[in-house]
**Q** 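Mind looking over this structure? Questions follow.
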Amino acid sequence: MGQKKYTQTQQVIDTLRKYGGYATLGNLYHLVDTKSWATKTPNESIRRIVQKSDEIFRIQPGLWALEECRDEVMRKFDIQPTEQESVDKFNHSYYQGLIIEIGNMKHYSTYAPAQDQNHKFLDKPLKDICTTVHIPDFSFDSIKNRARTVDVIWFNERNMPDSFFEVEHSTDIQNSVAKFCDLQDFSSRFLIVAPKNREEQFNKVMSRTAFKDMRERIKFHNYESILQQYELMCKLQKNDGFI
């Protein structure tokens with residue numbers, strides 16, 4: 001009998017197995033050796049494989065794991081599906097991590113607040129993927145103290161805040177909007193990142209008179225758009241950067 005063909009699906013499965021049983025789709029674009037694949041769109045092939053294989057399951061949008069490693073991976077991430085608090089905590093740090101990684105790939109200095117720095121993005125504490133654990137000395141102490149609680153900040157090469165991000169999985173969006181208002185004197189972007197079904201709530205908050213001066217400056221991005229940007233950046237990195 002001839003040797004069984006080594007399929008693309010098996011190659012993706014073996015890659016997941018080699019790297020602990022899980023990976024983001026963006027990481028798989030780098031980790032899977034597709035040089036021998038007879039396709040011009042290997043990334044799309046990888047995407048189809050993780051979506052269709054019975055041996056692979058989705059933990060979060062863009063995050064996949066092997067069924068054979070399910071219990072081990074869920075313990076590693078401290079996800080207990082029956083306990084909503086553990087799921088919410090994982091979701092929050094997962095999207096913080098994606099935003100930090102995007103900022104790193106865009107060559108910003110990235111920061112997460114001290115109270116979150118030991119929360120994990122996959123298997124790494126957020127402090128290990130941020131480029132700084134200390135907020136830069138960009139303003140008065142009272143302003144820095146307000147900013148240091150923001151979920152993610154991107155700083156430019158002059159250590160000035162380029163973008164502020166608040167991840168609102170289930171908490172009150174109005175509190176984050178009020179925080180942004182306290183930071184409005186900076187020429188920065190202000191972004192609320194949340195599930196798509198919270199956009200209506202965001203719009204309701206922003207319609208209030210108290211926030212009228214910030215209506216055009218605070219933007220809403222849903223989780224799917226953050227994931228798409230992360231995967232796009234990973235593809236660009238694989239293609240040797242940008243022009």
Side-chain angles (χ1 to χ4, degrees), residues 5-70 72-77 79 90-112 117 119-132 152 154 163 165 167 193 221-243:
K5 184 180 179 182
Y6 189 52
T7 65
Q8 294 175 359
T9 297
Q10 191 59 53
Q11 191 173 342
V12 171
I13 290 170
D14 285 347
T15 300
L16 283 167
R17 190 177 289 131
K18 179 180 179 181
Y19 289 95
Y22 65 92
T24 65
L25 188 59
N27 282 339
L28 283 175
Y29 294 154
H30 293 272
L31 297 174
V32 179
D33 184 359
T34 60
K35 294 185 182 68
S36 63
W37 291 18
T39 176
K40 293 182 179 180
T41 56
N43 291 338
E44 295 308 312
S45 296
I46 293 171
R47 180 188 292 274
R48 285 194 297 271
I49 287 167
V50 297
Q51 290 174 341
K52 293 183 178 181
S53 174
D54 293 335
E55 297 182 63
I56 300 171
F57 74 99
R58 190 184 80 162
I59 302 173
Q60 274 287 318
L63 178 60
W64 302 86
L66 292 176
E67 278 289 354
E68 67 190 55
C69 301
R70 179 185 284 268
E72 178 185 350
V73 170
M74 298 299 269
R75 280 196 302 271
K76 181 187 289 286
F77 295 155
I79 301 174
F90 177 81
N91 288 341
H92 190 273
S93 59
Y94 177 65
Y95 286 100
Q96 275 181 289
L98 290 180
I99 295 165
I100 291 166
E101 292 280 40
I102 294 169
N104 291 341
M105 287 186 278
K106 287 178 172 284
H107 307 295
Y108 288 108
S109 177
T110 51
Y111 166 86
Q117 287 176 9
H119 295 175
K120 288 188 175 181
F121 173 61
L122 308 183
D123 61 339
K124 294 181 179 179
L126 292 176
K127 65 183 179 183
D128 287 357
I129 64 171
C130 288
T131 60
T132 181
V152 179
W154 293 352
S163 304
F165 299 86
V167 178
V193 177
H221 280 258
N222 61 52
Y223 286 167
E224 291 80 4
S225 72
I226 296 298
L227 180 62
Q228 288 169 3
Q229 291 178 60
Y230 170 74
E231 292 178 359
L232 175 60
M233 293 299 297
C234 288
K235 290 178 183 178
L236 292 172
Q237 294 285 311
K238 185 176 181 181
N239 293 331
D240 298 323
F242 325 105
I243 57 172

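This one's a predicted model, so the numbers in the text were calculated from it and none came from an experiment.
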**Q** If you take all heavy atoms of Cys69 and Gly21, which pair is closest and at what distance?
**A** SG-CA, 4.0 Å
**Q** Nearest heavy-atom pair of Tyr95 and Val167: which atoms, and what distance?
**A** CB-CG1, 4.2 Å
**Q** Passes side-chain contact (heavy atoms from CB on, under 4.5 Å), Ser53 versus Val12? Steps please.
**A** CA-CA 10 Å; Ser53 174; Val12 171; over 6 Å; no
**Q** Report the distance from atom CD of Gln229 to atom CD1 of Ile99, rounding to the nearest 0.5 Å.
**A**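 Answer for the CD-CD1 pair, Gln229 versus Ile99, is 9.5 Å.
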**Q** Check this for me, if you would: do Arg75 and Glu72 make a salt bridge, where the nitrogen-to-carboxylate-oxygen distance has to be below 4.0 angstrom?
**A**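 No, Arg75 and Glu72 are not salt-bridged.
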**Q** Looking at side-chain heavy atoms only, is the closest gap between Trp64 and Phe57 below 4.5 Å?
**A**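 When only atoms from C-beta onward are counted, Phe57 and Trp64 do not touch, as no gap falls below 4.5 Å.
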**Q** Under 4.5 Å between any side-chain heavy atoms of Leu227 and Tyr94, yes or no?
**A** yes
**Q** Do the side chains of Met233 and Glu101 get nearer than 4.5 Å, heavy atoms only?
**A** no
**Q** Just jot down the ring-ring contact (aromatic ring centres under 6.0 Å, His included) partners of Trp154, sequence neighbours excluded, or say none.
**A** Tyr108, Phe165
**Q** How many angstroms lie between atom CG of Leu126 and atom NE2 of His119, to the nearest 0.5 angstrom?
**A** 8.0 Å
**Q** Which heavy atom of Thr34 sits nearest to which heavy atom of Gln11, and what is that distance?
**A**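 Thr34 and Gln11 have their closest heavy atoms at N-NE2, 4.5 Å.
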**Q** Would you please name every residue forming a salt bridge (Lys or Arg N to Asp or Glu O under 4.0 Å) with Asp128, sequence neighbours left out?
**A**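 Scan of Asp128 (salt bridge (Lys or Arg N to Asp or Glu O under 4.0 Å), adjacent residues dropped) gives none.
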**Q** Under a plain distance cut-off of 3.5 Å, with no hydrogens placed, do Asp14 and Tyr6 share a side-chain donor-acceptor pair?
**A**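 Present: a donor and an acceptor within the cut-off.
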**Q** How long is the straight-line distance from CZ of Phe77 back to OG of Ser93, given to the nearest 0.5 Å?
**A**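 Rounded to the nearest 0.5 Å, the OG-CZ separation comes out at 9.5 Å.
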**Q** Taking all non-hydrogen atoms of both residues into account, name the closest pair between Ala23 and Leu16 and its distance.
**A**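 Residues Ala23 and Leu16, closest heavy atoms: N-CD2, 3.6 Å.
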**Q** Write down the atom of Gln96, the atom of Ala112, and the distance for their closest heavy-atom approach.
**A**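 The pair with the smallest heavy-atom distance is NE2-CB, 4.5 Å.
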**Q** Listed by chain and number, what are the ring-ring contact (aromatic ring centres under 6.0 Å, His included) partners of Tyr111, not counting sequence neighbours?
**A**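 Expected list: none.
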**Q** Does the side chain of Gln60 come under 3.5 Å of the side chain of Asn91 through a donor N or O and an acceptor N or O?
**A**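 Side-chain D/A pair, Gln60 to Asn91: present.
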**Q** Give the minimum heavy-atom separation between Ile100 and Ile129, together with the two atoms involved.
**A** CG2-O, 3.7 Å
**Q** Report yes if the side chains of Trp37 and Ser45 come closer than 4.5 Å at any heavy-atom pair, otherwise no.
**A** yes
**Q** Test side-chain contact (heavy atoms from CB on, under 4.5 Å) on Thr110 and Thr132 and set out the steps.
**A** CA-CA 6 Å; Thr110 51; Thr132 181; over 6 Å; no
**Q** So Tyr29 and Arg47, do their side chains get closer than 4.5 Å, heavy atoms only?
**A**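 Arg47 vs Tyr29: side chains touch.
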**Q** Output the distance between atom NE2 (His30) and atom OG1 (Thr15), rounded to the nearest 0.5 Å.
**A** 13.5 Å
**Q** Nearest 0.5 Å, please: how far is NE2 in His221 from CD in Gln228?
**A**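 Between atom CD of Gln228 and atom NE2 of His221 there are 11.5 Å.
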**Q** Hey, does Tyr22 have a side-chain heavy atom less than 4.5 Å from the side chain of Asp123?
**A** yes
**Q** For Glu67 and Asp54, run side-chain contact (heavy atoms from CB on, under 4.5 Å): C-alpha distance rounded to whole Å, both residues' side-chain angles, the deciding distance at 0.1 Å, then the answer.
**A** CA-CA 8 Å; Glu67 278 289 354; Asp54 293 335; over 6 Å; no
**Q** Could you give the distance from CG (Leu28) to CD1 (Ile46), rounded to the nearest 0.5 Å?
**A** 6.0 Å
